[in-house]
Amino acid sequence: MIGAVIGDIAGSEFELKQYMQERLRRSGSDLLRANTCNFTADTVLLISVAAALLDTSEPFADTAFENCLIDKLHFYGRQYLFRGFGEKFF
């Protein structure tokens, strides 16, 4: 999970943009220091799913997980509304 968040932050500079060869040649540490790097909607959704899994005692037994997941997606999605959710998400 930590790797997914780090990858999301490092790749956020390139999201929805054309990849430029010069920027892709940077070392990994430079990517994380770029002023344009930040977490995106992918991280928000990942944290929502993790929170739902942790808050449900038996996530695959009944609809409790489904309801909890919907609540977590709404909760975190509304708190981080401007992190790049597509227009069809909501």
Side-chain angles (χ1 to χ4, degrees):
M1 189 166 143
I2 293 171
V5 173
I6 291 171
D8 183 43
I9 293 169
S12 66
E13 181 180 10
F14 305 107
E15 193 163 305
L16 303 176
K17 295 180 184 177
Q18 286 287 340
Y19 288 90
M20 297 178 352
Q21 289 294 331
E22 185 177 322
R23 289 189 175 183
L24 286 175
R25 290 185 196 149
R26 290 188 204 173
S27 69
S29 61
D30 287 343
L31 280 175
L32 292 176
R33 290 185 200 156
N35 292 335
T36 57
C37 291
N38 210 330
F39 68 94
T40 67
D42 298 341
T43 296
V44 175
L45 297 176
L46 177 68
I47 298 298
S48 300
V49 172
L53 285 169
L54 291 172
D55 286 353
T56 308
S57 59
E58 294 185 38
F60 305 108
D62 54 17
T63 59
F65 173 71
E66 181 180 341
N67 294 332
C68 185
L69 178 60
I70 291 168
D71 291 343
K72 297 295 181 185
L73 288 170
H74 287 162
F75 175 77
Y76 287 105
R78 288 183 182 128
Q79 286 198 355
Y80 298 100
L81 190 60
F82 300 105
R83 285 292 166 194
F85 290 101
E87 61 185 52
K88 294 182 180 181
F89 184 78
F90 294 101

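Everything numeric here is computed off the predicted structure, so don't read it as measured data.
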Inset, instruction - Quick one: list whatever passes side chain to side chain donor-acceptor pair (under 3.5 Å) with T43, sequence neighbours left out. - result: D8
Legend entry - Non-hydrogen atoms of L69 and A52 that approach each other most closely: CA-CB, 3.7 Å
Legend entry - In one Ile/Leu/Val/Met/Phe/Trp/Tyr side-chain cluster, 4.5 Å: L45, L54: no
Inset, instruction - Kindly write out the residues that satisfy side chain to side chain contact (heavy atoms under 4.5 Å, CB included) with I70, not counting sequence neighbours, or none if the list is empty. - result: E66, H74
Legend entry - Closest non-hydrogen atom pair between L53 and F65, with its separation: CD2-CE1, 3.6 Å
Legend entry - Pairwise distance CG(L46) to CZ(F39) - rounded to 0.5 angstrom: 12.0 Å
Inset, instruction - Please list, chain by chain and in numerical order, all residues satisfying side chain to side chain donor-acceptor pair (under 3.5 Å) with D55, sequence neighbours excluded. - result: K72
